[in-house]
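Quick caveat: nothing in here was measured; it's all calculated off a predicted structure. Counting from 1, the numbers follow the sequence of the chain as shown.
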Amino acid sequence: MAAPVTGPIDEITADETDQSRSSIVAPGTRSTCAHVVAAPFDNPYGDADLILRSSQGLDFYVHKPILRIASEFFATMLSLPQPSSSDDHSAIGASSGASSTGDGGTTPLPVVAMSEDSRCLKDILRLCYPPAIVKRELKSVKAISSPLAAAQKYQMSQVVSELITRLKSFCKSHPLDVYAEAFYRELDDIAVAAAENFVQRDSLDFGLSSLPWTWRSPLLAMDSYSTHLDDVPASWYYRLLDYYANKNAPTKKKKKHAKQTKALYKGQGILLPRRLARSVVSCGYGNMHNLVPSAAQPSHPFCDPLHADAVIRSSDGIDLWILRSFLRYSSTVFEQMLATGSSLATADSAASGDEPSSNRLLDLPEEGRTLALLFQLCYPMADPEFTGRSTYDDLHDLYHLFEAGQKYKVARAMEFARRTFISKASDTYPLRLYFIASEKQWEEGMEVAAMHCVYELADQPEYSPVMEIGSTAAYRRLLVYRRKCRDIILAHYDPSGIPESTPPASYWSTTPWLNEPGDARFWLAMHKRARENIAAGQEPCLDGDALFPEYLRNTDKAEAGCTDLETVRTGLKMSRNIIVGIAKALAEVCLKFVAHNRQSIKHSLYQVKL
């Protein structure tokens, strides 16, 4: 069989060593020119019977028998009846390439459009073909990532096994990359092995085998990082840091920390977080934490049928009597739903066996309390008041109110829920606020939460489900920002005011970084005031009296009866000028943190548009 006639050579990519060629095919085929990769997937013997087309439009001539053996996916697909080559709208379609027939004619080959790029296809196909086909050496976890994902997708068991073996070989040299890749590919045993290598101390090669474990220095610092971790959930990174702290803590602290984390670890291994689909992650406020029993009747003003022209039923069976006009003016979504709601409600009533109501329009999936708050913000009424309930309960309501406002496009509800949630959560749940603000892209919420996280005395030893919604990239930004702020403060601190761990501040630790909670509250007040002044345009010069709260400003020194009022009033062994300088530095770090978050949000929005 004659090989296809080829035209000019064209490279696949700028850094690809192999080359592609333009193949001129016989008349009557769908196209007169197709880009074909170089040997061995250029059909040199004319015996290929299928074409895989990469996302870049390059054609790989392959053989069905080999794909059937190597891939359960292709074995199933190729066993199905194939559309005729004359069908222009077939799923596989006719090829721009051709295969020779015994009488000298040509027949078009079917083409399968692939989502993978040419490099990835070449790597997995070379691993599928016999050993005589030269394989590319995969010299990094990044090089393994795409082929491994494709091999899992197409159920190429032998290729997956070979790539996992290669991935394991990087556990010692690049444990963070392997840990991230193991998450993406759902290889928990590989993630455990990578975590063990991340916490390892000096190896036996240095002649330290006789020394106790705690005398050896860690091979990798806790703040070591790889950008491959960016899209891993923060919960996985939290567990890795907590495991590192547990393994590398001094003996006394290690015993204390081991008691706190007793439920997390079995033996010496790390316990990985659960894997949840994004759609079921609850942020701690989902249905699993439902705080309003279905039988309860929440208090709301929408219970007067005489002054309403429609009724909406919530998921927990609560009827809310409303005026359609207010909902229509407040939301284009409600306007469309109410225009067609009658027929929907009738169908729902018939299906459930309920008595049909002439006024009932919609059954909505939100709880009654959430809908009551939402409708109150659709009406020309005062904002809802949150009193008499716990902060956690209020945050539950506000979170779901924001989601409902976002779903139904009620701008006032979204703004109210966002503003109130930030105000209530910043003091009590700053880390939870940070991750939720990161997910919802609340720039102000991320800044406020991060500022409060700086002045938490220690990292929480308990795992929080809210970490499942945040990314490691966002968590990393927070940890770096927090350490920079603490370093600025501790650099001027008297040693008697800080715990045994001396500056620089820890990247992550359950050990308090200040001895006195009052000191943390003081620095938080300084940080807030400095940030407010800079936001008001008072940069770069900050007036000391404007910076300090009223109870710390200069008044009559005679009242204090001492010569050093500034030191006594602050309770810190440093001058007021130094405190003002620290506050300036904190505000500057804050501005850089905000800029990084803004850039990250813009990048994520850009990715969504793509």
Side-chain angles (χ1 to χ4, degrees), residues 1-67 70-71 73-74 77-78 82-101 104-130 132-138 142-143 145-147 149-151 153-154 156 159 610:
M1 298 181 183
V5 180
T6 59
I9 294 177
D10 180 30
E11 292 190 357
I12 296 177
T13 59
D15 59 348
E16 182 64 74
T17 56
D18 293 331
Q19 296 170 327
S20 64
R21 299 180 288 187
S22 296
S23 176
I24 302 175
V25 299
T29 56
R30 193 168 294 228
S31 172
T32 58
C33 180
H35 295 289
V36 183
V37 297
F41 303 112
D42 58 347
N43 200 20
Y45 303 106
D47 58 350
D49 52 6
L50 181 67
I51 293 176
L52 302 182
R53 180 163 293 163
S54 73
S55 61
Q56 298 160 311
L58 301 179
D59 288 349
F60 290 74
Y61 284 78
V62 295
H63 304 82
K64 292 180 182 179
I66 292 179
L67 288 185
S71 166
F73 174 87
F74 280 105
M77 186 190 79
L78 296 174
Q82 301 299 317
S84 63
S85 59
S86 60
D87 185 2
D88 290 342
H89 300 286
S90 64
I92 297 182
S95 166
S96 60
S99 178
S100 300
T101 60
T106 58
T107 57
L109 297 181
V111 176
V112 178
M114 310 287 282
S115 59
E116 290 72 25
D117 62 23
S118 302
R119 181 187 289 272
C120 177
L121 281 183
K122 186 177 296 184
D123 285 335
I124 61 173
L125 289 175
R126 284 180 180 274
L127 290 169
C128 289
Y129 273 68
I133 302 297
V134 179
K135 277 66 174 170
R136 183 168 73 95
E137 185 179 359
L138 303 175
K142 182 179 180 181
S145 182
S146 295
K153 174 181 176 181
Y154 298 116
M156 299 175 174
V159 176
L610 291 181

Checklist line | Gap separating the NZ atom of Lys64 from the CG atom of Leu50, nearest 0.5 angstrom | finding: 6.0 Å
Check: Would a 4.5 Å heavy-atom cut-off, applied to side chains only, mark Val62 and Leu125 as touching?
Finding: yes
Margin query: Which label fits Phe60 and Phe41: parallel for a plane angle under 30°, tilted from 30 to 60°, or perpendicular past 60°?
Written below: tilted
Next item on the list: Give a yes or no on whether the backbone of Ala48 and the side-chain of Asn43 come within a donor-acceptor separation of less than 3.5 Å.
Entry: yes
Note to self: Could you check whether any side-chain N or O of Lys135 sits under 3.5 Å from a backbone N or O of Arg126, counting only pairs where one atom can act as donor and the other as acceptor?
What the structure shows: yes
Notebook entry, point to check: For Lys142, does the NZ atom have more than 12 heavy-atom neighbours from other residues, nucleotides or ligands under 6.0 Å away?
Noted result: no
Notebook entry, point to check: Ser71 side chain to Tyr154 main-chain N or O, any donor-acceptor pair under 3.5 Å?
Noted result: yes
Notebook entry, point to check: Without hydrogens or angle criteria, can the side chains of His63 and Asp47 be said to hold a donor-acceptor pair below 3.5 Å?
Noted result: yes
Notebook entry, point to check: Which value, rounded to the nearest 0.5 Å, describes the distance between Ser115 atom OG and Arg53 atom CZ?
Noted result: 14.5 Å
Next item on the list: Could you check if a side-chain atom of Pro147 sits within less than 4.5 angstrom of a side-chain atom of Arg119, using non-hydrogen atoms only?
Entry: no
Check: How far does CG of Leu109 sit from CG of Asp59, to the nearest 0.5 angstrom?
Finding: 9.5 Å
Check: Is any side-chain heavy atom of Glu116 less than 4.5 Å from a side-chain heavy atom of Ile124?
Finding: no
Item checked: Pair Arg136 + Asp123, salt bridge at N-O below 4.0 Å -> yes
Margin query: Does either side chain, that of Lys122 or that of Ser54, offer a donor lying less than 3.5 Å from an acceptor on the other one?
Written below: no
Next item on the list: Quick one: closest heavy-atom pair of Ser118 and Leu58, and the distance?
Entry: OG-CD1, 3.1 Å
Item checked: Donor-acceptor contact present, side-chain Asp117 to main-chain Ser55, <3.5 Å -> no
Notebook entry, point to check: Between Ile66 and Cys128, what is the shortest heavy-atom contact and its length?
Noted result: CG2-O, 3.9 Å
